[in-house]
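Here is the structure we will look at.
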Amino acid sequence: MVKVGDKVLGYATDPGVRNRGASGGMVTAILAAALERGLVDSVIVLRHINEYEAVPVITDDVDEVLASAGSMHTVPVNLAKYAAGRKVAMPGKPCDVRAVFEQAKRNEIDIDNTFIIGLNCGGTMHPVLTREMLVRMYEIDPEDVVGEKIDKGKLFFRTRDGEEKAISIDELEDAGYGRRESCRYCDVKIPVNADLACGNWGVIGELAGNATFCEVMNKKGVRLLENAIESGYIQIEPAGEQAIAIRQKVNSAMLSLGEKWSGRVFTEIPDGERMDYYMEQFADCIDCGACKEACPVCTCDEDSKCTMYHSLADDYRMSMYHMVRLLHLSDSCIGCGQCSDVCPVDIPVTSIFRRFADPAQKKHNYKAGMTLERPPFLEVMLK
């Protein structure tokens, strides 16, 4: 009998899924079981193209779910908006899960019909920079890579000939590679707001690399896990005290690293220079609107605050579009990095927005996307 709060180790019973999938294929197997037995109508997965590209798909095909097995740290897509209007199961990094909750607050997603398997996340990487990194740092042809993993502070790549090469994440990031900037200072590593929180942290001994540590976070998580067990898709055993302690130790280390990076990224802007700083940061903006389109929190259509007060004919030193969005998202931004990823002129949009969001959210003891609690500024308006 599965209970809320249970911590287990598990893996897929199908040898093919277990070998193909990350950490024993448990997440893939749970998703497939949820679809096969009608717990959900569809599943959101990534359809692999190569090691650096994948396409999000919404599928009702169990075989396609099973074929999607495997982690992809070099595909930093956010899956939240694909869940809108559906009874669906999905995997999700902490930022995906937080975006789902923000969408649910805006009545775009029914959280009761959205089953989320959260994935512990130490960070994702930009695919273009990863290719460059492989050549310059690893001396590997990117086309020869068949697998990657992050383990014990190192980033490993495996090639077609079976060789594996690792370099410490610190060394890679000091050289300008490795994780995306928003991932470096992220302060949520275990998605405790998901239905299940899964990952390889805490999997030790003979099961290391071949099983998943899974914590049951709520009643939907119970349904997901029991469904997969009853259908014969997974096998589980209780996690031992040592495994639980190691998982917590890894999480604490990742959060400490995030605090260090936060101090490096968010250096203090001298008094009297803030406006100049923001105008300079946004000076290269070409008004493409990609950051708004990519934002997994935004639910506005073309007729929105940020576009209403903005015109290409304006000659403001900083676009009204950005000024409105900086305020509009200050209590909703989850720091996922999608806006920076899509900016064609490489403006560090996410870190700029976090300079507004962090103090606003900390002041109200609020962290966007963790619960269904209303954003603090909306709450004030409704009082």
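On a predicted model such as this, the values are computed, not experimentally measured, just so you know.
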For [X] versus [Y], what's the shortest heavy-atom pair and its separation?
X	Y	value
Val17	Leu66	CG2-CD2, 3.8 Å
Thr130	Met125	OG1-CB, 3.4 Å
Lys367	Val188	CD-CG2, 3.9 Å
Val4	Asn218	CG2-C, 3.5 Å
Met26	Ile236	CE-CG2, 3.9 Å
Asn78	Cys336	ND2-CB, 4.2 Å

Discussion item. Going by salt bridge (Lys or Arg N to Asp or Glu O under 4.0 Å), name the pairs with one or both residues in residues 352-366, residues two or more places apart or in two chains.
Written reply: Arg354-Asp358

Worksheet item: Taking only residues at least two apart or on different chains, which pairs with a member in residues 189-210 satisfy salt bridge (Lys or Arg N to Asp or Glu O under 4.0 Å)?
Response: Asp195-Lys220

At what distance, to the nearest 0.5 angstrom, does [atom1] of [X] lie from [atom2] of [Y]?
X	Y	atom1	atom2	answer
Cys300	Arg106	SG	CZ	8.0 Å
Ile30	Cys214	CD1	SG	5.5 Å
Thr114	Ile109	OG1	CD1	5.5 Å
Tyr11	Thr212	OH	OG1	11.5 Å
Asn227	Glu36	CG	CD	9.0 Å
Ile167	Leu155	CD1	CG	8.0 Å

If two hydrophobic side chains count as joined below 4.5 Å and joins carry through other members, does [X] share a cluster with [Y]?
X	Y	result
Ile58	Val77	yes
Ile116	Leu39	no
Leu224	Leu31	yes
Val297	Phe356	yes
Leu9	Ile204	no

Practice prompt. Dump the intermediate steps for salt bridge (charged side-chain N to carboxylate O under 4.0 Å, His left out) on Arg274 and Glu268, then the final yes or no.
Written response: CA-CA 10 Å; Arg274 293 183 67 203; Glu268 187 174 352; over 6 Å; no

Worksheet item: Would you call the rings of His322 and Phe282 parallel, tilted or perpendicular, where under 30° means parallel and over 60° means perpendicular?
Response: parallel

Fill in: Audit row: Arg325, Phe353, side chain to side chain contact (heavy atoms under 4.5 Å, CB included) steps and yes/no
CA-CA 9 Å; Arg325 279 183 63 78; Phe353 272 68; 3.7 Å; yes

Discussion item. Using the rule given for side chain to side chain contact (heavy atoms under 4.5 Å, CB included), can you reason through Glu293 versus Val342, listing the C-alpha separation, both sets of side-chain angles and the distance that settles it, and then say yes or no?
Written reply: CA-CA 9 Å; Glu293 290 298 317; Val342 300; over 6 Å; no

Quick check: does any side chain N or O of [X] sit under 3.5 Å from a backbone N or O of [Y], one acting as donor and the other as acceptor?
X	Y	answer
Asp6	Lys3	yes
Glu108	Thr299	no
Arg47	Ala67	no
Gln103	Pro296	yes
Thr13	Tyr233	yes
Arg160	Glu143	yes
Ser256	Ser252	yes
Asp284	Ile347	no
Arg86	Asp41	no
Asn251	Gln248	no

Worksheet item: In chain order, what residues pass the side chain to side chain contact (heavy atoms under 4.5 Å, CB included) check against Ser340, with sequence neighbours excluded?
Response: Val349, Thr350

Discussion item. If you apply the rule side chain to side chain contact (heavy atoms under 4.5 Å, CB included), what do you find for Lys154 with Phe156, and how did you get there?
Written reply: CA-CA 6 Å; Lys154 293 184 178 182; Phe156 292 76; 3.7 Å; yes

Atom [atom1] of [X]: over 12 foreign heavy atoms under 6.0 Å:
X	atom1	answer
Arg136	CZ	no
Lys260	NZ	yes
Glu280	CD	no
Glu230	CD	yes

Discussion item. Between Trp201 and Ile246, is the side chain to side chain contact (heavy atoms under 4.5 Å, CB included) condition met? List the steps.
Written reply: CA-CA 7 Å; Trp201 302 348; Ile246 289 174; over 6 Å; no

Check: [Y] and [X] side chains under 4.5 Å, non-hydrogen atoms:
X	Y	value
Leu225	Val8	yes
Arg179	Leu257	yes
Pro76	His126	no
Cys291	Tyr321	yes
Glu226	Met1	yes
Tyr52	Val145	yes
Ile190	Arg247	yes
Met279	Asp276	yes

Is [X] salt-bridged to [Y], going by a charged N under 4.0 Å from an acidic O?
X	Y	answer
Arg98	Glu102	no
Arg264	Asp174	yes
Lys165	Glu148	no

Practice prompt. Any chance you could lay out the ring pair (Phe, Tyr, Trp, His ring centres under 6.0 Å) test for Tyr177 and Tyr138, step after step, and finish with the verdict?
Written response: CA-CA 11 Å; Tyr177 297 111; Tyr138 286 80; 9.4 Å; no

Worksheet item: Are a donor atom and an acceptor atom from the side chains of Thr159 and Asp161 found within less than 3.5 Å of each other?
Response: yes

Worksheet item: Any side-chain donor-acceptor pair under 3.5 Å between Asn50 and Glu53?
Response: yes

Discussion item. Applying the side-chain contact (heavy atoms from CB on, under 4.5 Å) criterion to Asn120, which one of Pro191, Cys198, Pro94 satisfies it?
Written reply: Pro191

